[in-house]
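Notes to accompany the following structure.
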There are 2 protein chains.
Amino acid sequence: MATGRTHRPATRSRGIPEATVARLPLYLRALTALSERSVPTVSSEELATAAGVNSAKLRKDFSYLGSYGTRGVGYDVEYLVYQISRELGLTQDWPVVIVGIGNLGAALANYGGFASRGFRVAALIDADPAQTGKLVAGLPVRHTDELEEIVERNQVSIGVIATPAGAAQEVCDRLVAAGVTSILNFAPTVLSVPDGVDVRKVDLSIELQILAFHEQRKAGEDLGEAVARGTLPKAAEEAADRPGPDGDVPAVMPA
Amino acid sequence: MATGRTHRPATRSRGIPEATVARLPLYLRALTALSERSVPTVSSEELATAAGVNSAKLRKDFSYLGSYGTRGVGYDVEYLVYQISRELGLTQDWPVVIVGIGNLGAALANYGGFASRGFRVAALIDADPAQTGKLVAGLPVRHTDELEEIVERNQVSIGVIATPAGAAQEVCDRLVAAGVTSILNFAPTVLSVPDGVDVRKVDLSIELQILAFHEQRKAGEDLGEAVARGTLPKAAEEAADRPGPDGDVPAVMPA
DNA sequence: CCATCTTTGTGCACGCGTTCACAAAGACAT
DNA sequence: ATGTCTTTGTGAACGCGTGCACAAAGATGG
Ligand SMILES: NC(=O)c1ccc[n+]([C@@H]2O[C@H](COP(=O)([O-])OP(=O)(O)OC[C@H]3O[C@@H](n4cnc5c(N)ncnc54)[C@H](O)[C@@H]3O)[C@@H](O)[C@H]2O)c1
Ligand SMILES: NC(=O)c1ccc[n+]([C@@H]2O[C@H](COP(=O)([O-])OP(=O)(O)OC[C@H]3O[C@@H](n4cnc5c(N)ncnc54)[C@H](O)[C@@H]3O)[C@@H](O)[C@H]2O)c1
């Protein structure tokens, strides 16, 4: 998963487990697709497949929201779409500001999936005076000086940070001081925020590193298994034997 | 967290828990920063703070890699950087292809954080003939027809998908068929892949929806508590009372 | 060499999340 | 009305992840 939430110490918000909340958008997406195809009802099995999860998990997830299914039939698609939307707070509009209109920020601003789910880009903000006033995705880029005013006037509670890492904490502090209580951070830094403020991060580099780990493991597996079976010549065996904690590796980094 | 991994049923790869693997890049980033400041050693407490985690968790994480610390002193920064890099497979170069060079794909191509950690953009691929040959981040965009050849020739095992959702599964299938075994998916779709292929997804929309959920909860909290204390007039009380499973809500979605 | 002090490494307990498996609910046919 | 068949909702068991708390390791100073 390309996301990691900040430590929210097992806060079951109104009885809905955090893990379930994270899956609701997935169900919603699958349900919306069914709704567009005018499918009236769907079974937990079908929906689970569409959402890429286990059907028992899906049923348990829905059970936290209440009993919205009909035994022998399944779930009413429209009704479920409404219930999940309501639970996620998508029946209202959420004004969002994006700070840092560079490569990534501009891509985010142009992203259609934003508006499609009740999120409205209230403003684009950048510190570079050369950017100020430029139109990105039809919106004028505003200068950082106006940040507080924009947040307050538009009642923005969700902020997206797409600045370089060095500027992220400062931007975060200003957003929070101005009233933002939820932050989506694309900069590769750990943000510290006061209690009551949620931070979620998206870090491409971390995702790739996790993939690399598994990739390496896959590559080493065949070799490793061969070693275990003793079907390799001695030399290859030693090469495959990863240096263990016994420390026969150089204490310097080769790069 | 903006990331979700696809169902890897508790595969403790070589005894390192998945949760630990996901944190290693975080530690590595903090350690690299210390290394650049020529800090020789660091305690679990300091490093944990820098990485935004609990110190006990960090120590336990490191214990899976072996005993690399010195009691009473802490961890040798350079040595730890090397060990984690090795564990994550970052001592080798990983060629990566990006498919779908639109707003997002171009931003990713321009992203510096790619190359800084052993990931090398081997090629940019797009289906639009108008894009073919255009330079993005100094690399020429190649046409989808060449996908298989590019992947095979460059021994690419990691692919990034930044196409529209509708094209993602097809692109995924082609990447996998050509030999890619790890995929980072930015398109809002569930990808189905054969066993042995890892998929991680980054979904901005899901992240925002999770934030919206908590945001809504925060907003409703004061009101909800007031209701519980019975300090609200009847009308407001009923308005605050969210419709329960008893179903006094319309079965249609208001939007 | 001994005492003291710092910090690691981990045993242990607890809670969350996942999954199995099944009873009961309800649709539908007869 | 009764029986059959499908599918939900959930009890219960299990495993993973987290965090506390502490013993042991080792550095440091006398
Ligand atoms: N581009 C990607 O694909 C990508 C991927 C993952 C993470 N990131 C991260 O996202 C962030 C942005 O990446 P990018 O490629 O768009 O960088 P960029 O340099 O293209 O854009 C950064 C923008 O932030 C603005 N900025 C700088 N300081 C600011 C401040 N204090 N207040 C407001 N705006 C400020 C700059 O003027 C610039 O327009 C970086 O932290 C990067 O590491 C980018
Ligand atoms: N832009 C964002 O911030 C953002 C955020 C989250 C998710 N996404 C998702 O990322 C994807 C890309 O977003 P975008 O804004 O860059 O869209 P875009 O339309 O700007 O770019 C899509 C690119 O993919 C190419 N393409 C289409 N079909 C292809 C195929 N079969 N093979 C190869 N290339 C193909 C198109 O030619 C185009 O260049 C979308 O699925 C979007 O939902 C984007």
Side-chain angles (χ1 to χ4, degrees), chain A residues 1 4-24 26-27 39-49 51-77 79-80 83 210 245-247, chain B residues 1 4-24 26-27 39-77 79-80 83 210 244-247:
Chain A
M1 105 199 132
R5 69 171 171 281
T6 335
H7 50 128
R8 165 168 289 272
T11 308
R12 281 215 180 179
S13 338
R14 172 140 146 278
I16 301 185
E18 193 57 32
T20 296
V21 173
R23 281 188 294 268
L24 290 181
L26 233 53
Y27 302 145
V39 177
T41 61
V42 65
S43 73
S44 63
E45 199 67 54
E46 294 168 312
L47 186 53
T49 305
V53 302
N54 177 305
S55 74
K57 196 187 295 190
L58 177 142
R59 286 199 300 276
K60 181 145 287 189
D61 282 343
F62 285 174
S63 79
Y64 293 115
L65 311 184
S67 295
Y68 294 146
T70 307
R71 294 169 191 234
V73 176
Y75 299 89
D76 183 287
V77 172
Y79 187 58
L80 208 44
Q83 290 298 344
I210 296 172
D246 33 85
Chain B
M1 134 176 107
R5 68 170 171 283
T6 337
H7 51 127
R8 164 169 290 272
T11 309
R12 280 216 181 178
S13 338
R14 169 135 149 281
I16 300 186
E18 194 56 32
T20 296
V21 173
R23 280 188 295 269
L24 290 182
L26 233 52
Y27 303 144
V39 177
T41 61
V42 65
S43 73
S44 64
E45 199 67 53
E46 294 168 311
L47 185 54
T49 304
V53 301
N54 178 305
S55 73
K57 197 187 296 189
L58 177 142
R59 286 198 299 276
K60 183 148 288 188
D61 283 343
F62 286 174
S63 79
Y64 293 115
L65 312 185
S67 295
Y68 294 145
T70 307
R71 294 169 191 232
V73 176
Y75 299 90
D76 183 287
V77 172
Y79 188 58
L80 207 44
Q83 290 298 344
I210 296 172
D246 33 86

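Numbers restart at 1 for each chain; the letters A, B, ... are given by sequence-line order, proteins then strands.
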Between [atom2] of [N] and [atom1] of [X], the distance in whole Å:
X: A/L58; N: C/dC20; atom1: CG; atom2: P; answer: 14 Å
X: B/Y68; N: C/dT7; atom1: OH; atom2: P; answer: 22 Å
X: B/E45; N: C/dT8; atom1: CD; atom2: P; answer: 8 Å
X: A/D61; N: C/dC16; atom1: CG; atom2: P; answer: 16 Å
X: A/L47; N: D/dT7; atom1: CG; atom2: C1'; answer: 14 Å
X: B/E46; N: C/dT6; atom1: CD; atom2: C1'; answer: 12 Å
X: B/E18; N: C/dG17; atom1: CD; atom2: P; answer: 17 Å
X: A/K57; N: D/dC14; atom1: NZ; atom2: P; answer: 19 Å

Within the 4.5 Å heavy-atom criterion, are [X] and [Y] side-chain neighbours or not?
X: B/V53; Y: B/Y27; value: yes
X: B/I210; Y: A/E18; value: yes
X: B/L47; Y: B/V77; value: no

- Between A/T20 and A/G72, whichever has its closest DNA chain C nucleotide further toward 5' is A/T20
Identify all pairs in which a protein N or O lies below 3.5 Å from an N or O of nucleotides 20-23 of chain D, and state each distance.
residue: D/dA21; atom: N6; partner: B/R59; partner atom: NH2; Å: 3.4

- Query: Hey, are B/S43 and B/E46 close enough side-chain-wise for a donor-acceptor pair under 3.5 Å?
  - Reply: yes
- Query: Does a donor on one side chain sit under 3.5 Å from an acceptor on the other, for A/Y68 and A/D76?
  - Reply: no
- With B/Y75 via ring-ring contact (aromatic ring centres under 6.0 Å, His included) - residues at least two apart: B/F62
- Message: Starting the side chain at C-beta, find the nucleotide from C/dT8, D/dG17, D/dT8 nearest to B/Y75.
- Response: C/dT8
- Task: Just compare D/dG9, C/dT18, C/dT8 and give me whichever is closest to any side-chain atom of A/S67.
- Result: D/dG9
- Task: Give a yes/no answer on whether the side chain of A/S44 brings an N or O atom under 4.0 Å of OP1 or OP2 in D/dT8.
- Result: yes
- Message: Show the nearest heavy-atom pair for residues B/A51 and B/L26, with the distance to one decimal.
- Response: O-CD2, 3.6 Å
